[in-house]
Amino acid sequence: MVETQHWRVDPQAAGLKEDLQIRAAAEGIKNGEIVAFPTETVYGLGANAESGEAAQKIYKAKGRPSDNPLIVHVATLEQVRKICTDISPIARKLADTFWPGPLTLVLSSRGEVSDSVTAGLSTVAVRMPSHPVARALILAAGVSIAAPSANRSGRPSPTRAEHVLHDLDGRIYGIVDGGETGVGVESTVVDCTTTPITILRPGGISREQLIEAVGTVAADPAGTRPDQTPKAPGMKYRHYAPVAVMYLVPSGMKRIRELIDQEKNNGRRVGILTTEEHKSDYPRADVVHACGKRSELESVAHCLFHTLRYFDKEKVDVIYSETFPETGIGRAIMNRLSKAASGRVVE
Ligand code: AMP
Ligand code: MG
């Protein structure tokens, strides 16, 4: 156990790169320590990407399987060129269109980042975050930062500092607390070494946005099929799971009310994942949580991981969740919900 340092930073403040809190965190990264920090998607747990030893600390703190590579976070295109070869015109177009932002590009590795970061693959996943605190930290550290989400493996990703501390207090050197993150689901991961490019994980940039930018886009079919090995190693693992057993209910509110009645008759404590529009429609449930507004799917993404952690706090036995249309950011929402439910669906 270590004493985890807690640095509070206002993301809107001017001159963040020189901020004393950021400099203390950057110093930690330079010295091979691991530090959690906010990005526009979720909180990341960062280490110097050039240090295998530092990266190993991330796997250990998270309990992350060692074959699941980390995303390298950069602040400049120069840092990308330093770690990747063959930045194709399409990759360049994606970077120009969506960076800084919630898009991760899988490119050929130059071998500069540690094997522990790439899990020994010949490719490396790179992203330029837009969050001012993340950018300032990378620039102040002067190195690219390898960072997965700052949760214990298998748990919902953290969108608030309290989520990070719940999972990792005493296991990490420090946390830069910049308040709540924005997008709320992780970046879209796109493999740029295939023609056409392939979506390995849906996320903050939608398939529609990618198609508009570069035309043809494929999706990794194995990413959604439990019997096949997906190309993003992380997609095969259990993820985002709340403590209670969770089910998705695509057939709607009436069916959910029947399920609540059944569970209550068996003496179980029931949680319902719904939205503002329907939060009054489940009077018999023990915990009804409105996860944003159905009419604004971005707001659902923003609240999603907090909602899953909220049900843990409320100690429900079972969670039933409404489902969402799989368009735009809805694909990322349904991907995370379906994993949180380990694929359980009530017809
Ligand atoms: P996380 O940082 O935990 O949100 O997960 C990052 C995702 O990117 C995981 O699913 C990884 O398996 C995937 N990933 C990272 N590097 C690569 C790579 N070089 N090739 C394919 N997938 C990758
Ligand atoms: Mg993760």
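Both counts, for ligands and for their atoms, begin at 1 and track the order of listing.
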Student: What atoms of ligand 1 come within less than 4.0 Å of a heavy atom belonging to A125?
Tutor: 15 (C), 16 (N), 17 (C), 19 (N)

Student: Could you grab the distance from atom CD1 of I172 to atom CD of E3, nearest 0.5 Å is fine?
Tutor: 12.5 Å

Student: Which of the numbered atoms in ligand 1 are below 4.0 angstrom from a heavy atom of P233?
Tutor: 12 (O), 21 (C), 22 (N)

Student: Give the atom numbers and elements of ligand 1 that come within less than 4.0 Å of a heavy atom of N68.
Tutor: 9 (C), 11 (C), 12 (O)

Student: Please check if the side chain of H73 supplies one atom and the backbone of R127 the other of a donor-acceptor pair under 3.5 Å.
Tutor: no

Student: Of the options R160, R309, R152, R64, which is the one that meets D167 in a salt bridge (charged side-chain N to carboxylate O under 4.0 Å, His left out)?
Tutor: R309

Student: CZ/R110 to OG1/T85 distance, rounded to the nearest 0.5 angstrom?
Tutor: 6.0 Å

Student: Starting from atom 13 (C) of ligand 1, locate the nearest protein heavy atom and write down its residue, its atom name and how far away it is, to 0.1 Å.
Tutor: A232 CB, 4.0 Å

Student: Pull out every atom of ligand 1 sitting under 4.0 Å from any heavy atom of L121, numbered as shown with elements.
Tutor: 18 (C), 19 (N), 20 (N)

Student: Less than 2.8 Å away from the Mg ion (ligand 2), how many protein N/O/S atoms can be counted, ignoring water?
Tutor: 1

Student: Starting from atom 3 (O) of ligand 1, which protein heavy atom do you reach first, and at what distance in Å?
Tutor: R64 NH1, 2.8 Å

Student: Taking the side chain as everything from C-beta on, heavy atoms only, tell me whether Y282 gets closer than 4.5 Å to V270.
Tutor: no

Student: Check whether any side-chain heavy atom of I145 lies under 4.5 Å from a side-chain heavy atom of V72, and answer yes or no.
Tutor: no

Student: Please evaluate residues F305 and Y240 with respect to the criterion ring-ring contact (aromatic ring centres under 6.0 Å, His included), reporting the C-alpha separation (whole Å), side-chain torsions for both, the decisive distance (0.1 Å), and the verdict.
Tutor: CA-CA 8 Å; F305 290 132; Y240 316 119; 5.2 Å; yes

Student: Under 4.0 angstrom from ligand 1, any heavy atom of T118?
Tutor: no

Student: Under the rule for side-chain hydrogen bond (donor to acceptor under 3.5 Å, both in side chains), what residues qualify as partners of K30, not counting sequence neighbours?
Tutor: none

Student: Can you name the atoms of ligand 1, numbered from 1 with element, that are less than 4.0 Å from a heavy atom of P69?
Tutor: 11 (C), 12 (O), 14 (N), 15 (C), 16 (N), 17 (C), 23 (C)

Student: Based purely on interatomic distance, does T123 place a nitrogen or oxygen under 3.5 Å from a nitrogen or oxygen of ligand 1?
Tutor: yes

Student: Report the distance from atom CD of E50 to atom CD of E53, rounding to the nearest 0.5 Å.
Tutor: 14.0 Å

Student: Does D312 pair with R155 as a salt bridge, N-O distance under 4.0 Å?
Tutor: yes

Student: Closest non-hydrogen protein atom to atom 8 (O) of ligand 1, residue and atom name please, with distance?
Tutor: V189 CG2, 3.9 Å

Student: For A125 versus T104, what's the shortest heavy-atom pair and its separation?
Tutor: CB-CG2, 3.6 Å

Student: Going by the atom numbers of ligand 1, which of them fall below 4.0 Å from some non-hydrogen atom of R201?
Tutor: 1 (P), 4 (O), 5 (O), 6 (C), 7 (C)

Student: Do any side-chain atoms of residues 9-25 form donor-acceptor pairs under 3.5 angstrom with protein atoms, and if so which ones, sequence neighbours left out?
Tutor:
residue	atom	partner	partner atom	Å
D10	OD1	Q12	N	2.9
D19	OD1	Q21	N	2.7
D19	OD1	I22	N	3.2

Student: Taking only residues two or more places apart in sequence or in another chain, which ones pass side-chain hydrogen bond (donor to acceptor under 3.5 Å, both in side chains) with T97?
Tutor: none

Student: Does ligand 1 have a heavy atom under 4.0 Å from the side chain of T104, from its backbone, from both, or from neither?
Tutor: neither

Student: Considering only non-hydrogen protein atoms, determine which one is nearest to atom 2 (O) of ligand 1 and report residue, atom name and distance to 0.1 Å.
Tutor: P148 CA, 3.2 Å

Student: For ligand 1, which atoms sit closer than 4.0 Å to a heavy atom of S149?
Tutor: 2 (O), 3 (O)

Student: Backbone or side chain, does any N or O of G234 fall under 3.5 Å from an N or O of ligand 1?
Tutor: yes

Student: Salt bridge or not between R269 and E314? Use side-chain N to carboxylate O under 4.0 Å.
Tutor: yes

Student: Any idea which atoms of ligand 1 are less than 4.0 Å away from a heavy-atom of K231?
Tutor: 21 (C)

